[in-house]
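Quick notes on the structure that follows.
One is the number of the first residue; the rest follow in order along the sequence. Each ligand, and each atom within it, is numbered from 1 in the order the structure gives.
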Amino acid sequence: MRNHGGWHPRCACFPIYTAPPVPDTRSITTPIYYVNAHPHIGHIYTSTICDVYARFQRALGQDVFFLTGTDEHGQKVETSARERGIEPKALADENSAVFRDVLNRFDISNDEFIRTTDPEHERQVQGFVQQLLDRDAVYLGEFEGWYDEGQEEYHTETRAKELEYTSPISGRPLVRATEQNYYFRLSTFQERIEQLFADQPDFVRPESRRNEMLGRLREGLNDVPISRTNFTWGIPVPGDESHVIYVWIDALFNYITALGLGEDGGEIDGRGKYWPANYHVVGKEILWFHAVIWPAILMALELPLPHCIYAHSFWISEGKKMSKSLGNFIDLDALQAYDDSYGRDALRWYLATQGPMGATDADFSRAQFHETYTSDLVNTFGNCASRTSAMIGKYCEGLCPTDSGACAGGGVEWDSFTATQVEASIAAMERFDLASSISSAMAIVRQVDVFINETAPFKLAKDPAQAETVGNILYRCLESIRIASCLLHAVMPSKMQALRDAWHLGDPSGDLRTECMWGGLVPGTSIEKVALFPRLEIQDQA
Ligand code: ME8
């Protein structure tokens with residue numbers, strides 16, 4: 001049970017006060033997405049893995065802040081709007097709403113959705129840039145460099161050469177550009193950023209990405225322009241309206257403007273406690289901004305740094321980079337088709353277990369999706385839950401049996417075995433290692449399968465004298481699956497809730513650890529048979 005605090009009359013004269021547990025805070029962010037394109041698998045992926053973390057932490061009773069939103073200023077949005085003959089703000093309104101709806105549709109449980117056109121954001125960004133000017137971290141200067149027009153990003157000579165003077169994103173040539181701009185003195189942060197990487201080895205993860213950043217850091221840091229004059233769709237530089245703030249600087253600030261750190265009181269709605277963020281989760285292509293430029297800006301403002309920047313790799317599709325022209329682009333329609341045939345939670349499962357969280361890209365393929373669904377969800381979790389609940393129906397009148405403690409065979413100490421997996425699953429999620437967290441939960445389910453095969457309750461049930469043993473075996477199976485389902489609730493909220501409903505377990509309590517303690521399942525509870533994941537033919541799908 002949760003300790004809600006209160007006076008305990010241990011002794012009438014000296015009541016002992018136990019303070020209610022203070023939840024820790026956990027805060028996680030996605031990149032904010034550009035509104036000049038429509039959402040696709042990449043956006044759903046990053047949002048889903050953050051969502052799994054956020055739900056899991058909430059289940060543990062933590063005080064969670066999960067932030068996402070849209071990045072709405074900049075040349076690309078201005079150009080797209082002009083092409084459609086509408087105002088940039090109208091385009092931003094339209095597409096931001098699309099992102100918001102889509103995230104809702106995919107069960108993303110973000111606590112806030114920030115838009116960089118929100119007046120609160122714009123006001124705070126101007127305030128922060130003013131502070132940078134006041135602290136002489138920003139100055140007006142002349143700049144010449146290699147510009148990636150699609151990404152609105154400048155590259156140094158060394159980097160441009162490495163990229164063969166072509167955009168790594170669009171493949172279009174980089175152009176030589178000169179501008180008078182406001183510059184951020186990134187070069188003065190070289191040592192401090194190196195120190196940060198040395199002191200906090202987990203600041204950038206995974207390790208391979210950290211090494212990539214260290215390599216680029218060794219090339220030396222140059223000052224970076226933080227304003228533009230060649231278009232107007234942006235936040236004006238305070239005191240110099242002929243410049244707008246570079247969209248990347250504007251965007252990075254979202255992580256703290258959403259909390260109100262630039263407001264007079266230093267926070268909005270008591271959200272100051274959510275800074276620094278535990279995780280900024282981003283794709284590998286935007287890691288430099290997050291791992292180097294962003295901490296340097298925060299250092300200049302004397303604000304605390306996020307704990308970890310987690311940069312995942314990319315989804316490719318059917319073995320190739322996704323592209324509209326190859327016809328292998330996994331857009332919303334394609335995702336919806338998977339959702340329609342396999343279900344929302346199967347899609348979340350595939351993203352969370354097979355996604356590119358490590359150093360290499362991951363292939364989204366129909367065959368692999370089907371294989372993952374069939375082996376993990378149909379044959380393992382689904383089969384185990386339906387088999388167990390069917391036996392309860394057959395041998396125990398549909399009621400959870402009593403565990404008399406008599407030896408039920410199998411040689412597994414279930415309470416300590418499940419406790420070990422539960423702790424491993426929680427610890428892995430804390431490290432944002434979704435695959436390990438999920439695999440610890442699945443280890444419980446796999447063990448149940450082995451246990452059923454070894455102890456064969458379906459055979460024992462033929463002998464009425466073995467009824468107690470059958471009950472003991474099935475209690476252990478039910479209880480183990482229940483515990484696994486608690487751990488998997490964050491990744492498959494609807495299916496795990498369906499299981500809870502069929503087994504009359506109620507809603508999750510918000511205290512995952514206690515809920516996962518052995519013995520929580522009350523004998524006599526009515527257990528309905530479940531069929532959570534139907535077996536499908538591969539041609540049934542998109
Ligand atoms: O870069 N595989 O926004 P964006 C996995 N506005 N994830 C992918 C992906 C893929 N193939 N493609 C995209 C921006 N993503 C900026 C961010 S943050 C202060 C500003 C995901 O709409 C991944 O998270 O281009 C990537 O970083 C993000 O979408 C880029 O979204």
What are the atoms of ligand 1, with element, lying closer than 4.0 Å to any heavy atom of [X]?
X	answer
Ala251	19 (C)
Met322	11 (N)
Asp71	6 (N), 16 (C), 20 (C)
Trp248	17 (C), 18 (S), 19 (C), 20 (C)
Ile286	1 (O), 17 (C), 27 (O)

4.0 Å heavy-atom contact, [X] with ligand 1:
X	result
Phe289	no
His40	yes
Tyr255	yes

Judging by distance only, is a nitrogen or oxygen of [X] under 3.5 angstrom from one on ligand 1?
X	result
Gly283	yes
Thr46	yes
Ile32	yes
Ser313	no

I want to know whether [X] and [Y] have ring centres closer than 6.0 Å.
X	Y	answer
Tyr255	His290	yes
Tyr154	Tyr246	no
Tyr350	Phe369	yes

Just go through Gly42, Gly69, Ala311, Cys50 and tell me whose heavy atom is the nearest to atom 9 (C) of ligand 1.
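Among Gly42, Gly69, Ala311, Cys50, the closest heavy atom to atom 9 (C) of ligand 1 comes from Gly42.
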For atom 26 (C) of ligand 1, the option (of His73, His290, Glu285) bearing the nearest heavy atom:
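Looking at heavy atoms only, the winner is Glu285.
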Does a salt bridge link Glu302 with Arg135, judged by any charged N lying under 4.0 Å from a carboxylate O?
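Salt bridge flag = yes for Arg135 with Glu302.
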Return the minimal non-hydrogen interatomic distance between Gln126 and Ile235, and the atom names on each side.
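Smallest interatomic distance, heavy atoms only, reads CG-CG2, 3.4 Å.
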Can you see which heavy atom on Val204 is nearest to which on Arg209, and at what distance?
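Heavy atoms of Val204 and Arg209 come nearest at CG1-C, 4.0 Å.
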Quick test: of every protein heavy atom, which one is nearest to [atom], and how far off is it to 0.1 Å?
atom	answer
atom 29 (O) of ligand 1	His43 CD2, 3.5 Å
atom 11 (N) of ligand 1	Trp315 O, 3.3 Å
atom 3 (O) of ligand 1	Tyr34 CD1, 3.4 Å
atom 7 (N) of ligand 1	His312 CE1, 3.2 Å

Does a donor on one side chain and an acceptor on the other come within less than 3.5 Å for [X] and [Y]?
X	Y	result
His121	Asp250	yes
Thr229	His243	no
Asp63	Thr25	no

Does Arg192 have more than 12 heavy atoms from other residues, nucleotides or ligands lying within 6.0 Å of its CZ?
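Enclosed: over 12 neighbouring heavy atoms sit under 6.0 Å from CZ of Arg192.
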Any side-chain to backbone donor/acceptor pair from Arg205 onto Arg431? Under 3.5 Å, distance only.
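Judged by distance alone, yes, a pair lies under 3.5 Å.
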